[in-house]
2 protein chains.
Amino acid sequence: MNKINRKLEYALIGLKHMRSKQPGELTTVKEIAATYGCPFEATSKVMQSLAAGGLVRSEQGAHGGYQLVRDLNRLPLYEVLEMVVGPVEIAKCLHQVDGGCELRGSCNVISPIENLNRKLIEFYRGLTVGELLEGRGFVAKPQSLELRDLAAHAGHELAAVE
Amino acid sequence: MNKINRKLEYALIGLKHMRSKQPGELTTVKEIAATYGCPFEATSKVMQSLAAGGLVRSEQGAHGGYQLVRDLNRLPLYEVLEMVVGPVEIAKCLHQVDGGCELRGSCNVISPIENLNRKLIEFYRGLTVGELLEGRGFVAKPQSLELRDLAAHAGHELAAVE
DNA sequence: TTTAATTACGACTAATTTGGTCGTAGTTAA
DNA sequence: TTAACTACGACCAAATTAGTCGTAATTAAA
Ligand code: SF4
Ligand code: SF4
(Lines give C-alpha, C1' and ligand atoms only; values in the text may rest on other atoms or scores of the structure.)
(Ligands and ions follow the chains in the order given, each with its own letter.)
Protein backbone atom coordinates (compact mmCIF):
# COMPACT_ATOMS: atom_id res chain seq x y z
CA MET A 1 0.00 0.00 0.00
CA ASN A 2 1.00 3.53 -0.69
CA LYS A 3 3.93 2.42 -2.78
CA ILE A 4 5.81 4.84 -4.96
CA ASN A 5 6.59 4.06 -8.53
CA ARG A 6 9.51 1.76 -9.13
CA LYS A 7 10.68 4.02 -11.91
CA LEU A 8 11.27 6.74 -9.38
CA GLU A 9 13.54 4.40 -7.47
CA TYR A 10 15.56 3.55 -10.54
CA ALA A 11 15.84 7.25 -11.29
CA LEU A 12 17.13 7.96 -7.81
CA ILE A 13 19.53 5.03 -7.97
CA GLY A 14 20.93 6.34 -11.23
CA LEU A 15 21.07 9.92 -10.07
CA LYS A 16 22.83 9.06 -6.87
CA HIS A 17 25.31 6.95 -8.81
CA MET A 18 26.04 9.69 -11.31
CA ARG A 19 26.35 12.33 -8.65
CA SER A 20 29.76 11.04 -7.62
CA LYS A 21 31.17 11.13 -11.13
CA GLN A 22 33.52 13.82 -12.42
CA PRO A 23 31.98 16.38 -14.74
CA GLY A 24 32.08 14.95 -18.23
CA GLU A 25 32.44 11.39 -17.04
CA LEU A 26 29.77 9.17 -18.52
CA THR A 27 27.69 6.47 -16.90
CA THR A 28 26.21 3.61 -18.87
CA VAL A 29 22.98 1.86 -18.03
CA LYS A 30 24.91 -1.38 -18.06
CA GLU A 31 27.03 -0.03 -15.27
CA ILE A 32 24.04 0.99 -13.18
CA ALA A 33 22.23 -2.26 -13.80
CA ALA A 34 25.29 -4.32 -12.92
CA THR A 35 26.12 -2.31 -9.82
CA TYR A 36 22.69 -2.19 -8.25
CA GLY A 37 20.95 -5.14 -9.82
CA CYS A 38 18.13 -3.20 -11.42
CA PRO A 39 16.70 -4.48 -14.72
CA PHE A 40 18.56 -3.10 -17.69
CA GLU A 41 15.68 -2.25 -19.99
CA ALA A 42 13.53 -0.66 -17.33
CA THR A 43 16.43 1.40 -16.08
CA SER A 44 17.29 2.37 -19.62
CA LYS A 45 13.81 3.71 -20.21
CA VAL A 46 13.99 5.69 -17.04
CA MET A 47 17.27 7.24 -18.09
CA GLN A 48 15.73 8.11 -21.41
CA SER A 49 12.94 9.91 -19.60
CA LEU A 50 15.45 11.82 -17.53
CA ALA A 51 17.30 12.73 -20.70
CA ALA A 52 14.06 13.88 -22.31
CA GLY A 53 13.48 16.03 -19.27
CA GLY A 54 16.87 17.62 -19.57
CA LEU A 55 18.10 16.30 -16.27
CA VAL A 56 20.84 14.23 -17.83
CA ARG A 57 22.55 14.40 -21.19
CA SER A 58 22.96 11.28 -23.26
CA GLU A 59 25.79 10.45 -25.57
CA GLN A 60 25.10 7.69 -28.06
CA GLY A 61 27.33 5.12 -29.67
CA ALA A 62 30.23 3.17 -28.27
CA HIS A 63 31.61 4.73 -25.13
CA GLY A 64 28.39 6.59 -24.82
CA GLY A 65 26.36 7.02 -21.69
CA TYR A 66 24.70 9.60 -19.53
CA GLN A 67 25.88 12.48 -17.44
CA LEU A 68 24.19 14.80 -15.01
CA VAL A 69 23.62 18.28 -16.25
CA ARG A 70 21.70 19.76 -13.36
CA ASP A 71 22.53 20.49 -9.77
CA LEU A 72 20.63 17.97 -7.69
CA ASN A 73 20.56 20.42 -4.80
CA ARG A 74 18.39 22.70 -6.86
CA LEU A 75 16.27 19.99 -8.40
CA PRO A 76 12.83 19.53 -6.87
CA LEU A 77 11.83 15.92 -6.59
CA TYR A 78 8.64 16.90 -8.34
CA GLU A 79 10.51 17.34 -11.58
CA VAL A 80 11.91 13.84 -11.46
CA LEU A 81 8.46 12.51 -10.71
CA GLU A 82 7.07 14.40 -13.65
CA MET A 83 9.73 13.04 -15.96
CA VAL A 84 9.36 9.41 -15.02
CA VAL A 85 5.70 9.00 -14.11
CA GLY A 86 4.02 12.14 -15.31
CA PRO A 87 2.37 14.95 -13.40
CA VAL A 88 0.88 14.34 -9.99
CA GLU A 89 -2.85 13.95 -10.50
CA ILE A 90 -4.23 12.00 -7.63
CA ALA A 91 -7.74 11.51 -8.97
CA LYS A 92 -9.41 10.80 -12.27
CA CYS A 93 -11.42 13.99 -12.29
CA LEU A 94 -8.33 16.17 -12.31
CA HIS A 95 -7.34 16.64 -15.93
CA GLN A 96 -9.80 14.17 -17.39
CA VAL A 97 -7.79 12.83 -20.30
CA ASP A 98 -9.44 9.46 -19.79
CA GLY A 99 -13.04 10.44 -19.50
CA GLY A 100 -12.89 11.43 -15.87
CA CYS A 101 -14.81 9.99 -12.97
CA GLU A 102 -18.32 8.65 -13.06
CA LEU A 103 -19.09 10.24 -9.68
CA ARG A 104 -18.43 13.67 -11.02
CA GLY A 105 -21.49 15.83 -10.78
CA SER A 106 -22.62 14.27 -7.53
CA CYS A 107 -19.23 14.17 -5.86
CA ASN A 108 -18.76 16.31 -2.76
CA VAL A 109 -15.00 16.09 -2.45
CA ILE A 110 -13.70 17.40 -5.72
CA SER A 111 -12.42 20.58 -4.12
CA PRO A 112 -10.79 18.75 -1.23
CA ILE A 113 -9.13 16.40 -3.66
CA GLU A 114 -7.90 19.28 -5.77
CA ASN A 115 -6.68 20.76 -2.55
CA LEU A 116 -4.76 17.69 -1.59
CA ASN A 117 -3.35 17.41 -5.07
CA ARG A 118 -2.04 20.94 -4.88
CA LYS A 119 -0.55 20.40 -1.45
CA LEU A 120 1.18 17.24 -2.56
CA ILE A 121 2.69 19.03 -5.52
CA GLU A 122 3.85 21.75 -3.17
CA PHE A 123 5.41 19.09 -1.02
CA TYR A 124 7.30 17.49 -3.89
CA ARG A 125 8.34 20.85 -5.24
CA GLY A 126 9.74 21.87 -1.90
CA LEU A 127 11.91 18.82 -1.60
CA THR A 128 15.15 18.70 -3.55
CA VAL A 129 16.71 15.51 -4.77
CA GLY A 130 20.02 16.54 -3.24
CA GLU A 131 18.37 16.89 0.14
CA LEU A 132 16.82 13.46 -0.19
CA LEU A 133 19.97 11.72 -1.29
CA GLU A 134 22.39 13.01 1.26
CA GLY A 135 20.18 13.33 4.28
CA ARG A 136 21.16 10.39 6.39
CA GLY A 137 19.15 10.16 9.55
CA PHE A 138 16.96 12.72 11.17
CA VAL A 139 16.87 16.38 10.36
CA ALA A 140 15.64 18.39 13.29
CA LYS A 141 12.89 20.61 12.00
CA PRO A 142 11.27 23.41 13.94
CA GLN A 143 8.05 21.48 13.45
CA SER A 144 9.20 18.46 15.38
CA LEU A 145 7.88 19.42 18.77
CA GLU A 146 4.50 20.41 17.50
CA LEU A 147 4.26 17.27 15.45
CA ARG A 148 5.13 15.28 18.47
CA ASP A 149 2.30 16.97 20.34
CA LEU A 150 -0.13 16.44 17.54
CA ALA A 151 0.83 12.83 17.22
CA ALA A 152 0.63 12.32 20.95
CA HIS A 153 -2.77 13.94 21.02
CA ALA A 154 -3.87 11.56 18.33
CA GLY A 155 -2.62 8.64 20.36
CA HIS A 156 0.26 7.73 18.09
CA GLU A 157 3.86 7.04 18.77
CA LEU A 158 6.44 8.97 16.86
CA ALA A 159 8.52 6.82 14.62
CA ALA A 160 11.87 6.18 16.17
CA VAL A 161 14.51 8.27 14.48
CA GLU A 162 17.91 6.83 13.98
CA MET B 1 -0.23 8.04 -12.53
CA ASN B 2 0.20 9.07 -8.96
CA LYS B 3 -3.37 8.21 -8.12
CA ILE B 4 -4.54 7.97 -4.55
CA ASN B 5 -6.55 5.06 -3.34
CA ARG B 6 -10.22 5.10 -4.16
CA LYS B 7 -11.01 4.02 -0.64
CA LEU B 8 -9.61 7.28 0.61
CA GLU B 9 -12.03 9.14 -1.61
CA TYR B 10 -14.99 7.17 -0.31
CA ALA B 11 -13.81 7.86 3.21
CA LEU B 12 -13.62 11.58 2.55
CA ILE B 13 -17.00 11.55 0.84
CA GLY B 14 -18.54 9.87 3.84
CA LEU B 15 -16.77 12.05 6.35
CA LYS B 16 -17.75 15.24 4.64
CA HIS B 17 -21.32 14.03 4.46
CA MET B 18 -21.44 13.14 8.13
CA ARG B 19 -19.81 16.35 9.17
CA SER B 20 -22.99 18.32 8.55
CA LYS B 21 -25.14 16.04 10.67
CA GLN B 22 -26.32 16.86 14.17
CA PRO B 23 -24.56 15.07 17.01
CA GLY B 24 -26.25 11.71 17.44
CA GLU B 25 -27.79 11.73 14.00
CA LEU B 26 -26.89 8.60 12.10
CA THR B 27 -25.84 8.18 8.50
CA THR B 28 -26.40 4.96 6.59
CA VAL B 29 -24.18 3.66 3.86
CA LYS B 30 -27.26 3.45 1.67
CA GLU B 31 -27.70 7.15 2.08
CA ILE B 32 -24.11 7.89 1.13
CA ALA B 33 -24.16 5.53 -1.81
CA ALA B 34 -27.42 6.96 -3.11
CA THR B 35 -26.36 10.57 -2.63
CA TYR B 36 -22.96 10.40 -4.21
CA GLY B 37 -23.20 7.37 -6.45
CA CYS B 38 -20.41 5.40 -4.85
CA PRO B 39 -20.69 1.61 -4.78
CA PHE B 40 -22.51 0.40 -1.71
CA GLU B 41 -20.33 -2.54 -0.73
CA ALA B 42 -17.06 -0.75 -1.23
CA THR B 43 -18.25 2.24 0.72
CA SER B 44 -19.56 -0.03 3.42
CA LYS B 45 -16.17 -1.63 3.85
CA VAL B 46 -14.54 1.74 4.10
CA MET B 47 -16.96 2.81 6.78
CA GLN B 48 -16.21 -0.37 8.65
CA SER B 49 -12.53 0.48 8.54
CA LEU B 50 -13.24 3.93 9.88
CA ALA B 51 -15.31 2.40 12.64
CA ALA B 52 -12.51 -0.02 13.47
CA GLY B 53 -10.19 2.96 13.68
CA GLY B 54 -12.47 4.72 16.10
CA LEU B 55 -13.17 7.61 13.80
CA VAL B 56 -16.87 6.84 13.56
CA ARG B 57 -19.19 4.84 15.73
CA SER B 58 -21.51 2.31 14.20
CA GLU B 59 -24.95 1.34 15.35
CA GLN B 60 -26.28 -1.93 14.03
CA GLY B 61 -29.75 -3.09 13.20
CA ALA B 62 -32.66 -1.27 11.68
CA HIS B 63 -32.28 2.48 11.95
CA GLY B 64 -28.62 1.90 12.49
CA GLY B 65 -25.83 3.77 10.83
CA TYR B 66 -22.66 5.67 11.52
CA GLN B 67 -21.81 8.86 13.27
CA LEU B 68 -18.66 10.89 13.62
CA VAL B 69 -17.00 10.69 16.96
CA ARG B 70 -13.88 12.75 16.33
CA ASP B 71 -13.24 16.35 15.51
CA LEU B 72 -12.15 16.46 11.91
CA ASN B 73 -10.19 19.63 12.60
CA ARG B 74 -7.89 17.64 14.83
CA LEU B 75 -7.74 14.57 12.69
CA PRO B 76 -4.58 14.20 10.62
CA LEU B 77 -5.26 12.83 7.18
CA TYR B 78 -2.60 10.27 7.93
CA GLU B 79 -4.91 8.51 10.34
CA VAL B 80 -7.61 8.10 7.74
CA LEU B 81 -5.04 6.78 5.31
CA GLU B 82 -3.85 4.32 7.88
CA MET B 83 -7.37 3.11 8.57
CA VAL B 84 -8.37 2.59 4.99
CA VAL B 85 -5.18 1.60 3.18
CA GLY B 86 -2.70 0.86 5.91
CA PRO B 87 0.48 2.65 6.92
CA VAL B 88 2.42 4.69 4.41
CA GLU B 89 5.30 2.51 3.28
CA ILE B 90 6.46 3.69 -0.07
CA ALA B 91 8.88 0.87 -0.84
CA LYS B 92 9.05 -2.86 -0.36
CA CYS B 93 12.18 -2.74 1.78
CA LEU B 94 10.52 -0.61 4.45
CA HIS B 95 8.26 -3.33 5.77
CA GLN B 96 9.89 -6.62 5.00
CA VAL B 97 6.90 -8.72 5.95
CA ASP B 98 6.66 -9.89 2.38
CA GLY B 99 10.27 -10.72 1.72
CA GLY B 100 11.34 -7.20 0.93
CA CYS B 101 13.15 -6.07 -2.18
CA GLU B 102 15.54 -8.13 -4.25
CA LEU B 103 17.82 -5.12 -4.73
CA ARG B 104 18.41 -4.83 -1.05
CA GLY B 105 22.03 -5.30 -0.22
CA SER B 106 23.20 -3.58 -3.36
CA CYS B 107 20.72 -0.71 -3.26
CA ASN B 108 22.12 2.77 -2.79
CA VAL B 109 18.90 4.61 -2.06
CA ILE B 110 17.46 2.86 0.94
CA SER B 111 18.19 5.79 3.21
CA PRO B 112 16.82 8.34 0.78
CA ILE B 113 13.69 6.27 0.40
CA GLU B 114 13.30 5.97 4.15
CA ASN B 115 13.79 9.68 4.25
CA LEU B 116 11.08 10.34 1.74
CA ASN B 117 8.78 7.94 3.52
CA ARG B 118 9.25 9.82 6.76
CA LYS B 119 8.70 13.17 5.13
CA LEU B 120 5.53 11.97 3.47
CA ILE B 121 4.20 10.72 6.78
CA GLU B 122 5.04 14.08 8.29
CA PHE B 123 3.15 15.71 5.48
CA TYR B 124 0.05 13.61 6.01
CA ARG B 125 0.24 14.02 9.76
CA GLY B 126 0.46 17.75 9.44
CA LEU B 127 -2.65 17.99 7.32
CA THR B 128 -6.01 17.72 9.03
CA VAL B 129 -9.10 16.34 7.36
CA GLY B 130 -11.01 19.42 8.44
CA GLU B 131 -8.52 21.65 6.69
CA LEU B 132 -8.80 19.59 3.56
CA LEU B 133 -12.58 19.53 3.50
CA GLU B 134 -13.16 23.17 4.26
CA GLY B 135 -11.17 24.84 1.60
CA ARG B 136 -13.39 24.94 -1.42
CA GLY B 137 -11.30 27.22 -3.48
CA PHE B 138 -7.91 28.40 -2.58
CA VAL B 139 -6.46 28.98 0.79
CA ALA B 140 -4.29 31.99 0.22
CA LYS B 141 -1.84 31.25 2.98
CA PRO B 142 -2.13 27.84 4.57
CA GLN B 143 -1.89 28.26 8.29
CA SER B 144 1.26 26.78 9.68
CA LEU B 145 1.17 23.67 11.71
CA GLU B 146 2.70 25.50 14.64
CA LEU B 147 -0.05 28.07 14.78
CA ARG B 148 -2.72 25.45 14.41
CA ASP B 149 -1.29 23.52 17.24
CA LEU B 150 -0.96 26.52 19.47
CA ALA B 151 -4.59 27.31 18.79
CA ALA B 152 -5.55 23.75 19.54
CA HIS B 153 -3.66 23.77 22.79
CA ALA B 154 -5.22 27.04 23.75
CA GLY B 155 -8.59 25.38 23.35
CA HIS B 156 -9.68 27.31 20.30
CA GLU B 157 -11.37 25.81 17.33
CA LEU B 158 -10.19 26.64 13.91
CA ALA B 159 -12.34 29.14 12.17
CA ALA B 160 -14.60 26.91 10.17
CA VAL B 161 -15.40 29.05 7.21
CA GLU B 162 -18.20 27.35 5.39
C1' DT C 1 -42.21 -13.58 16.87
C1' DT C 2 -41.58 -12.36 12.37
C1' DT C 3 -39.88 -9.05 9.13
C1' DA C 4 -37.21 -5.44 7.27
C1' DA C 5 -33.28 -2.58 7.53
C1' DT C 6 -29.09 -2.26 8.69
C1' DT C 7 -23.90 -3.31 9.83
C1' DA C 8 -20.03 -7.04 9.46
C1' DC C 9 -17.03 -9.63 6.89
C1' DG C 10 -14.71 -13.15 4.15
C1' DA C 11 -14.17 -14.86 -0.49
C1' DC C 12 -14.27 -14.04 -4.97
C1' DT C 13 -13.83 -11.79 -9.75
C1' DA C 14 -12.84 -7.95 -12.76
C1' DA C 15 -10.30 -3.98 -14.10
C1' DT C 16 -6.42 -1.29 -14.01
C1' DT C 17 -1.83 -0.22 -13.20
C1' DT C 18 2.76 -1.33 -12.79
C1' DG C 19 6.87 -3.79 -13.85
C1' DG C 20 9.58 -5.99 -16.98
C1' DT C 21 10.98 -8.06 -21.64
C1' DC C 22 11.73 -8.27 -26.60
C1' DG C 23 12.76 -6.80 -31.07
C1' DT C 24 14.68 -3.57 -33.78
C1' DA C 25 16.77 0.67 -35.19
C1' DG C 26 20.08 4.45 -34.81
C1' DT C 27 24.76 6.25 -33.38
C1' DT C 28 29.59 6.31 -32.82
C1' DA C 29 34.44 4.97 -31.46
C1' DA C 30 37.74 1.75 -32.57
C1' DT D 1 32.89 -3.52 -40.11
C1' DT D 2 32.03 -4.41 -35.73
C1' DA D 3 31.00 -3.77 -30.98
C1' DA D 4 29.05 -1.04 -27.51
C1' DC D 5 26.06 1.96 -26.65
C1' DT D 6 21.29 4.79 -26.62
C1' DA D 7 16.22 5.04 -28.42
C1' DC D 8 11.79 3.36 -28.55
C1' DG D 9 7.51 0.97 -29.58
C1' DA D 10 5.02 -3.24 -28.74
C1' DC D 11 4.16 -6.64 -25.94
C1' DC D 12 3.56 -9.80 -21.84
C1' DA D 13 3.48 -10.77 -16.79
C1' DA D 14 2.70 -9.58 -12.15
C1' DA D 15 0.71 -7.00 -8.70
C1' DT D 16 -2.51 -4.01 -7.02
C1' DT D 17 -6.83 -1.94 -6.80
C1' DA D 18 -11.77 -1.86 -7.40
C1' DG D 19 -15.92 -3.89 -7.04
C1' DT D 20 -19.30 -7.89 -6.19
C1' DC D 21 -21.49 -11.71 -3.85
C1' DG D 22 -23.02 -14.54 -0.21
C1' DT D 23 -24.04 -14.94 4.33
C1' DA D 24 -24.36 -13.79 9.13
C1' DA D 25 -25.46 -10.83 13.03
C1' DT D 26 -28.08 -7.11 15.11
C1' DT D 27 -32.01 -4.35 16.16
C1' DA D 28 -36.37 -1.61 15.68
C1' DA D 29 -40.84 -2.12 14.55
C1' DA D 30 -44.93 -4.46 12.86
S1 SF4 E 1 -12.94 13.57 -6.42
FE2 SF4 E 1 -14.98 12.84 -6.70
S3 SF4 E 1 -15.19 13.12 -8.86
FE4 SF4 E 1 -13.03 13.43 -8.57
S5 SF4 E 1 -12.30 11.39 -8.88
FE6 SF4 E 1 -12.60 11.43 -6.74
S7 SF4 E 1 -14.66 10.67 -6.62
FE8 SF4 E 1 -14.45 11.07 -8.76
S1 SF4 F 1 14.96 1.42 -1.77
FE2 SF4 F 1 16.31 0.03 -2.82
S3 SF4 F 1 16.00 -1.77 -1.63
FE4 SF4 F 1 14.40 -0.48 -0.90
S5 SF4 F 1 12.78 -1.09 -2.23
FE6 SF4 F 1 13.65 0.60 -3.32
S7 SF4 F 1 15.10 -0.45 -4.57
FE8 SF4 F 1 14.52 -2.03 -3.19
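By convention in this document, chain letters (A, B, ...) are assigned in the order of the sequence lines, proteins followed by strands, and residues within each chain are numbered from 1. A quick note: this is a predicted structure, and the numbers were derived from the prediction, not measured.
A:E25 is linked by a side chain to side chain contact (heavy atoms under 4.5 Å, CB included) to A:K21, A:Q22, counting only residues two or more places apart in sequence or in another chain.
Annotation: salt bridge (Lys or Arg N to Asp or Glu O under 4.0 Å) contacts involving residues 69-87 of chain A, sequence neighbours excluded, comprise A:R70-A:E79, A:D71-A:R74.
Atoms CG and OG1, on B:N108 and A:T35 in that order, are 9.0 Å from each other to the nearest 0.5 Å. Taken to the nearest 0.5 Å, the CG atom of A:L50 stands 10.0 Å off from the CD atom of A:Q48.
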Protein-nucleic acid N or O pairs under 3.5 Å, nucleotides 21-25 of chain D:
unit_1: D:dC21; atom_1: N4; unit_2: B:E41; atom_2: OE1; d: 3.4

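Considering only side-chain atoms of A:Y66, the nucleotide from C:dA8, C:dT21, D:dA7 that sits closest is D:dA7.
Taking side-chain N and O atoms only, B:S58 has a distance below 4.0 Å to OP1 or OP2 of C:dA8. Using a 4.0 Å cut-off, no side-chain N or O of B:S44 falls inside it from OP1 or OP2 of C:dC9. One finds a side-chain N or O of B:Y10 lying less than 4.0 angstrom from the OP1 or OP2 phosphate oxygen of D:dG19.
Take the nearest nucleotide of DNA chain D for A:N2 and for A:F40: the residue whose nucleotide is more 5' is A:F40. The residue among A:E59 and B:N5 whose nearest nucleotide of DNA chain D is located toward the 5' end is A:E59.
For the pair A:E9 and A:R6, the salt-bridge criterion is met [side-chain N within less than 4.0 Å of a carboxylate O].
Using the six-membered ring where Trp is involved, A:H17 and A:Y36 have ring planes that are perpendicular, over 60° apart on the 30 and 60° scheme.
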